[in-house]
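Presented below is the structure to which this report refers.
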Amino acid sequence: MARVFNFSPGPSTLPEAVLKKAASELLEYGKSGQSVMEMSHRSKEYDAIIKSCESDLRELMGIPENYKVLFLQGGASLQFAGIPMNLLNKTGKADYIVSGQFSNKAFQEGQKYGEVTCVATSKPDNFARIPELNKSKCNPDADYFHICQNNTIYGTRFTSLPDTGSVPLVADMSSCILSEPCDVAKYGLIYAGAQKNIAPAGLTLVVVREDLIGNARPETPSIMDYKNMADNDSMANTPPCYTIYMMGLVLDWIKSEFGCLAGMKAHNEKKAKILYDFLDSSSLFKPTALKSDRSLMNVTFVTGCDETDKKFCAEAAKNGLINLKGHRSVGGMRASIYNAMPIEGVGKLVEFMKEFEQNA
Ligand SMILES: *Cc1c(COP(=O)(O)O)cnc(C)c1O
């Protein structure tokens with residue numbers, strides 16, 4: 001067996017140690033005589049799994065007591081509707097920064113539910129940077145203010161948060177959650193699809209301040225109502241049991257390998273630096289994101305020639321470096337180097353890029 005280095009934006013590579021642990025417990029979890037996949041979500045074995053997953057997440061992210069952790073389904077995309085359904089309930093106004101395709105989708109979905117404003121966008125720059133915010137455009141009485149913290153497709157991220165005053169900040173962290181420390185108290189709500197940095201696909205995490213829930217719009221499906229889910233410990237219906245178990249293994253891995261999210265961040269910065277330093281010195285490959293807004297997780301670059309880009313991706317794949325093709329709206333290449341991408345993977349990639357450049 002030869003495992004490749006997988007630079008896929010999502011679903012993405014998982015820590016090998018986690019996959020091995022899951023394999024070793026696949027047929028029988030502990031002394032339960034069954035696989036986690038087969039377990040009742042109401043069993044005491046499963047109760048211990050989900051509880052320790054939540055407490056490890058609370059510990060790693062430093063989630064304050066007055067925040068609920070919800071294990072949901074439907075992807076980050078369902079939350080594009082779930083957020084307005086649950087939070088757009090006082091003035092019916094919300095502000096969005098549109099810094100990429102996912103935040104634009106969230107903005108469009110939000111418009112179905114109220115007076116939703118795009119207060120800043122970097123669309124004219126093909127989302128190569130995080131837009132400046134003119135505070136006079138913001139609604140001081142908005143029910144929430146939405147950002148996408150890391151723009152998976154364009155390789156940019158917010159390095160500082162917008163000052164939203166008393167308006168709750170809502171952040172899509174699908175592609176950056178757990179990659180660095182996060183001051184949860186600065187947010188009203190954080191959400192993330194699992195398949196980039198948390199676990200395999202199938203789970204959506206929502207961390208929400210208690211006082212924001214319990215007032216969902218009347219048409220909200222009950223399994224999308226955060227209050228109902230919180231009151232039922234995310235088990236108003238069957239949760240994505242196995243993915244939550246996998247998330248628990250990933251959290252254990254972060255704790256044992258890196259200690260805390262500051263350790264995780266240091267590792268991620270080291271990886272990103274190897275790649276960006278090379279890109280900044282290369283005469284063939286050019287990074288596409290504004291330097292000050294560069295993502296630690298998704299590194300986008302082009303050669304400027306579609307043919308060469310195509311050839312590069314094909315030859316990289318032959319060398320065990322897969323899924324480097326950029327999103328169709330940017331073209332070129334994207335290396336997603338989430339938490340689980342080992343430093344050797346980034347090293348191999350840069351080595352291969354140097355070789356390709358010399359032969360070009
Ligand atoms: C992948 C991604 C999404 C979409 O997630 P789904 O789970 O497929 O709905 C949304 N936002 C961001 C930032 C993403 O990276």
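Values reported hereafter were calculated over all heavy atoms of this structure, with side chains retained and with hydrogens, waters and symmetry mates removed. Every number for a ligand or one of its atoms is a count from 1 in the order of the listing. Note that the coordinates shown come from a computational prediction; the quantities given were computed from them, not determined experimentally.
- Residue contacts with ligand 1 include Cys148, since one of its heavy atoms falls under 4.0 Å from the ligand.
- Residues Thr204 and Gln73 have side chains that never bring a donor and an acceptor to within less than 3.5 angstrom of each other.
- Note: no N/O pair closer than 3.5 Å links Leu78 and ligand 1 by distance alone.
- At a cut-off of 3.5 Å, with distance as the only test, no side-chain donor of Asn298 or Tyr154 sits close to an acceptor on the other residue.
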| task | Could you walk me through whether Thr91 and Asp141 pass side chain to side chain donor-acceptor pair (under 3.5 Å), step by step? | result | CA-CA 7 Å; Thr91 61; Asp141 62 344; 4.8 Å; no
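- When only non-hydrogen protein atoms are considered, atom 4 (C) of ligand 1 lies nearest to Phe102 CE2, 3.6 Å.
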| said: Quick one, Glu28 with Ser35, criterion side chain to side chain donor-acceptor pair (under 3.5 Å). Give me CA distance, side-chain angles, the key distance, then yes/no. | reply: CA-CA 5 Å; Glu28 182 180 20; Ser35 173; over 6 Å; no
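- Every atom of ligand 1 with a heavy atom of Gly75 under 4.0 Å away is listed here by number and element: 7 (O), 9 (O).
- In this structure, the protein non-hydrogen atom closest to atom 11 (N) of ligand 1 is Asp172 OD2, 2.6 Å.
- Within the structure, ligand 1 has Gln195 among the residues with a heavy atom less than 4.0 angstrom away.
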| Are Tyr96 and Tyr144 close enough, and set up right, to give a side chain to side chain donor-acceptor pair (under 3.5 Å), and what steps lead you there? | CA-CA 9 Å; Tyr96 282 67; Tyr144 63 87; 2.6 Å; yes
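- Those atoms of ligand 1 that come under 4.0 Å of a heavy atom in Thr152, given as number and element, are 12 (C), 13 (C), 14 (C), 15 (O).
- The single protein non-hydrogen atom nearest to atom 5 (O) of ligand 1 is Ala76 CB, 3.6 Å, given as residue, atom name and distance.
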| For Asp309 and Thr303, what are the C-alpha separation, side-chain angles and deciding distance, and is it a side chain to side chain donor-acceptor pair (under 3.5 Å)? | CA-CA 6 Å; Asp309 290 351; Thr303 65; 2.6 Å; yes
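- Atom numbering of ligand 1 starts at 1 in the shown order; those under 4.0 Å from a heavy atom of Lys196 are 1 (C), 2 (C), 3 (C), 14 (C), 15 (O).
- In this structure, Lys227 pairs ionically with Asp231, as a charged nitrogen and a carboxylate oxygen lie closer than 4.0 Å.
- Among all protein heavy atoms, the one lying closest to atom 9 (O) of ligand 1 is Ser77 OG, 2.6 Å.
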